[in-house]
Amino acid sequence: MGIVQTLFNKPDELFITSANLESSSCVPCYEEVDRKPGNPGSFEDLHAKTKQLYPQNFEGAYLLLKKSLSQHFNVTYKMTLSSVTPHGLKFGVNYVGTKHVGLSERYPVISGEITPDGNMSANFMHTLGCRYRFKLSTQISNGKYKALSTGLDYRSDDCTVALTLANPDLLQRHGTMVLHYLQAITPRITLGTEIAYLCGSQIAEGRQTMMCAAFRHSTGPTTLSATFGEAGVHVCYHRQASKQLKLGVEIETNTRIHESIGTIVYQIDVPYADFVFRGFVNSETTMGAVFEKKLYPIPKALLVISGFLNHKKQQFRVGIGMNIG
């Protein structure tokens, strides 16, 4: 798993529409006989297929309203009631530009959320040409910067190089710098590495360097990904069992504290009933599930029910939410 998580959506479409070809010169043309490895994507998306199966559990109740003002701009309003997670009101905006890059990416991308007490988080992504991508994320709480992350990616036909700088403070000599490299060896095999340099007063000797190696083998229906480093081992396996069932297994071992956690995740999609069921169970006797059901005749309405049970801590949490728009 990467040291610093940044926001980036890996393209997953396989074909190009005529509209995309007319609107951008950055969309490559692929032929059916093309056997090149292709770009491996970003390091943060190495375990993405397994991570996407996890349910987003929550406690309490929420109402999310989304309004599209145009093809590129929409606003969101969320009201949350909870005794565990932060509750209150949130107002968000999202903008997606008109520049097409790759098969499904559009830039620039601007998103942000703000609460009535002034807390705000914002993200900005743009492309420089067709191969460079710039990302900036920030979070402001109580009038102060709590987190700041910026990165620059370079994507060639068969590799990705990314440099990320998180929470830099030159005066106090504090911050984290991470270098990622992914190389597509064949259309199915990808190798990579991560080098992280941490600097701060809370770190032994004031600075620390960590390295890990990455591997991914994908056949389409199955994907095996793993990272091996000083901090431990992280292995994920994803399988498309059928059109309705997806399965995943995750094993994460921390060699520093001598702990290991195994998790089984699954997703059941029933199109004719318009519902999706996601769940997980791990070796720490914790399980959770989220049920999503479309509601008719309300347009674009989704009912979400969450359940979370931790046997070790004897905790049980239930949540219900409604998405409209």
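Because the structure is predicted, anything quoted here is derived from the model rather than measured.
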Okay, side chain of [X], backbone of [Y]: is any donor-acceptor separation there less than 3.5 Å?
X: Ser68; Y: Ser70; result: no
X: Ser283; Y: Gly262; result: yes
X: His100; Y: Arg106; result: no
X: Ser306; Y: Glu59; result: no
X: Asn57; Y: Gly307; result: yes
X: Lys78; Y: Lys66; result: no
X: Thr150; Y: Lys135; result: yes
X: Thr222; Y: His238; result: no
X: Gln183; Y: Asp158; result: yes

Do [X] and [Y] touch side chain to side chain, with heavy atoms closer than 4.5 Å?
X: Arg278; Y: Gln56; answer: no
X: Ile185; Y: Pro37; answer: no
X: Tyr296; Y: Asp274; answer: yes
X: Thr286; Y: Lys312; answer: no
X: Thr115; Y: Leu89; answer: no

Applying the 4.5 Å side-chain criterion to the ILVMFWY set and letting contacts propagate, would [X] and [Y] be lumped into a single cluster?
X: Tyr266; Y: Phe275; answer: yes
X: Met287; Y: Phe291; answer: no
X: Ile305; Y: Leu295; answer: yes
X: Leu69; Y: Val93; answer: yes
X: Phe215; Y: Tyr181; answer: no

Inset, instruction - Please work out whether the ring planes of His72 and Tyr95 are parallel, tilted or perpendicular, with thresholds of 30° and 60°. - result: tilted

Inset, instruction - Check whether the ring centres of Tyr132 and Tyr154 lie less than 6.0 Å apart, and answer yes or no. - result: yes

Inset, instruction - Evaluate side-chain hydrogen bond (donor to acceptor under 3.5 Å, both in side chains) for Glu113 paired with Ser121, printing each intermediate quantity in order. - result: CA-CA 5 Å; Glu113 285 187 344; Ser121 61; 4.5 Å; no

Can you tell me how far the [atom1] atom of [X] sits from the [atom2] atom of [Y], to the nearest 0.5 Å?
X: Ile114; Y: Phe91; atom1: CD1; atom2: CZ; answer: 9.5 Å
X: Glu259; Y: Ile261; atom1: CD; atom2: CD1; answer: 6.5 Å
X: Lys313; Y: Thr285; atom1: NZ; atom2: OG1; answer: 10.5 Å
X: His311; Y: Glu284; atom1: NE2; atom2: CD; answer: 13.5 Å
X: Met322; Y: Tyr62; atom1: CE; atom2: OH; answer: 9.5 Å
X: Glu105; Y: Arg155; atom1: CD; atom2: CZ; answer: 5.5 Å

Inset, instruction - Show your working on side-chain contact (heavy atoms from CB on, under 4.5 Å) between Ile251 and Tyr237 and close with a plain yes or no. - result: CA-CA 9 Å; Ile251 300 176; Tyr237 176 76; over 6 Å; no

Inset, instruction - Please say which of Leu303, Leu63, Val304 ends up in a side-chain contact (heavy atoms from CB on, under 4.5 Å) with Ile320. - result: Leu303

Legend entry - Member of Thr160, Thr190, Asp157 meeting the side-chain hydrogen bond (donor to acceptor under 3.5 Å, both in side chains) criterion with Asn39: Thr160

Inset, instruction - Begin from the C-alpha positions of Thr227 and Glu194 and carry the test side-chain contact (heavy atoms from CB on, under 4.5 Å) through to its verdict. - result: CA-CA 9 Å; Thr227 56; Glu194 176 188 67; over 6 Å; no

Inset, instruction - Start with the C-alpha distance between Ser218 and Lys49, add both sets of side-chain angles, then the distance that settles side-chain contact (heavy atoms from CB on, under 4.5 Å), and finish with yes or no. - result: CA-CA 11 Å; Ser218 179; Lys49 285 192 174 182; 4.2 Å; yes

Inset, instruction - Indicate whether any N or O donor in one side chain lies under 3.5 Å from an N or O acceptor in the other, for Ser82 and His87. - result: no

